[in-house]
Amino acid sequence: MTREEFADILLPDVQHTRAYYEEKYGKRDLPFNAMVTRLAPSPTGFVHIGSLYQAIGAQKLAHQSSGVCFLRIEDTDHKREVENGIEQIISSLKTYDVQFDEGPLCDGEDVGNYGPYIQSKRKDIYQAFVKDLLIKDLAYPSFLTEEEKEAITLRQKEIKSRIGYFGPWALEERNMTMEEAVEKVKKGIPYVIRLRSHGNFLKRVEVEDAIKGKISIPENDMDIVLLKQDGIPTYHLAHVIDDTLMHTTHVTRGDEWISSLPIHIELFHVLGFEPPKYAHLATIQKEEDGKKRKISKRKDPEANVMYYIEKGIPVKAVELYLMTLLNSNFEEWYLENPKKDINEFTLDFSKMSTSGALFDMEKLLNISKNYLSTLSAEEVYQNTLAWAKVYDLSFATLLEKEKEVAIRTLDIERNTEKPRKDFAMYSEVKQNIWYMFKECFEKPENYEWQKITDKEEIKKILDIYIAKYYDIRDDNEEWFNKVKLLCDELGYASNMKDYKKNPENYKGNVADVSTVIRVALTTSSRTPNLKDIMEILGKEEIERRINLL
Ligand code: GLU
């Protein structure tokens, strides 16, 4: 029996040769030094914030070098797959505006010349390469049952050996003749195809990682599974073939893969491929009770990229924040260039964290507040409305009905040197502006009165103020002068310096009086410019509110 015949028996359905695929997926026509990067998620549930972090990094690295970034779905592990997992990945990344050039991007169709981009559709490709390895005796069939594997593991534990299928433990199957193997196949005994490893655990493989620098780990000597019993490849084999045929120049992936690197390097060599550059990104961690740990898919709601969308944290703010995690000098650049497109910033491997990237929600919310303060009132209105249409329908209806009031309110102290930063998410807009809408201000229960709490006094201040002093046409200065006149009339200090010198001479001061007006009209003691609020409410509404007291 020739090795070709042997390989045919083991993998009878393979349509093409490896040469066919190598020719089909020829070199990309790209400028020198252009990076080809990818995101290669598995459809195992929601998109993790760490995947978005990787996606943003991969996309920027490719595009800043006039290269290509593609999406590849790694669905070779059916046990972990969830329903609609692929759609979830595509739509979540689209929500975040991640720009892939190639991949399964629209309704079941691939974009790009290096597809299919879903691994389950590439079975023939993987098998063609494994067949070649079988012919070269670099792979062999393994008929081990679960029980036999467990027995080996047990024995290895007993004698404190390394765990796995390698060297002496694999001898019997490694030495099996082709005829013996074929006999088992003919009997219908299931088999996997394993790598015949030539690695030596006592030697080290050294890889120059673009982020972590020199990585040195013992060589792989495990006869790892290449094709499972159903002919589907393992991640190890699939990504090595895909990244080669898709001409990935830089594999940017989570650093949890570093421990598998020796397997991957051996696979590249065995297959006769040139390994790409690896750039292992630090895992996103959070601090809890003074300890750092990975953001967990099960425990932390913020692990899910859709969490931010539900809260109404702008996509752009999340992107800005992840950029600060990706490159230590991004924040400084952005502060200096707040108006510039993020794409003008050059991501640099040398500025990436080599250990954990610590996720700080407070910082993200601050970035979000700053970002929202740079938008126009109309933009904030439209974005809040779009958010509310999905997550708070009654607020959406109100916003549509009261568009003018909403926009005028959102515009208060916006186009100033120090714009207000009242909210970090669209879900916080309602609690900040609800009092501006007549229909929300029916019978407020909680007024945040401060110094002046006596009902009679409050009424007196407001009645005199409205009857004698308030004029909607006043500008800021005039408006404040009138409040001061009111203070003089009622025995409150209109001048803070005077008040501080002799507080006993006064009932209170101008701040106390304006707080009374503010709280009466909004219930809140902290609002944007009161004069602007009053102008938007109008005299009739102001009077109505005073009469509610
Ligand atoms: N499918 C792998 C994962 O979801 C991707 C690893 C890689 O980027 O190569 O973790």
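Nothing fancy with the numbering, it's 1 onward along the sequence. Remember, it's 1-based here, ligands and their atoms both numbered in the order they're listed. The figures that follow rest on heavy atoms only: side chains count, while hydrogens, waters and symmetry mates do not.
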Side-chain ion pair, Asp221 and Arg162, N-O less than 4.0 Å: yes

Report yes or no: does Trp387 contribute a side-chain atom to a donor-acceptor pair with the main-chain N or O of Gln382 at less than 3.5 Å? no

Any carboxylate oxygen within less than 4.0 angstrom of a Lys/Arg side-chain nitrogen, looking at Glu302 and Lys286? yes

On the six-membered ring of Tyr114, is Arg28 placed so that its NZ or CZ lies under 6.0 angstrom from the centre and within 45° of the ring axis? yes

For residues 313-326, which residue pairs pass the side-chain hydrogen bond (donor to acceptor under 3.5 Å, both in side chains) check, not counting sequence neighbours? Lys60-Glu319

Quick one: are Ile159 and Arg155 in side-chain contact, heavy atoms under 4.5 Å? yes

Near ligand 1 (heavy atom, under 4.0 angstrom), the protein residues are Arg38, Ala40, Pro41, Ser42, Glu74, Tyr235, Arg253, Trp257

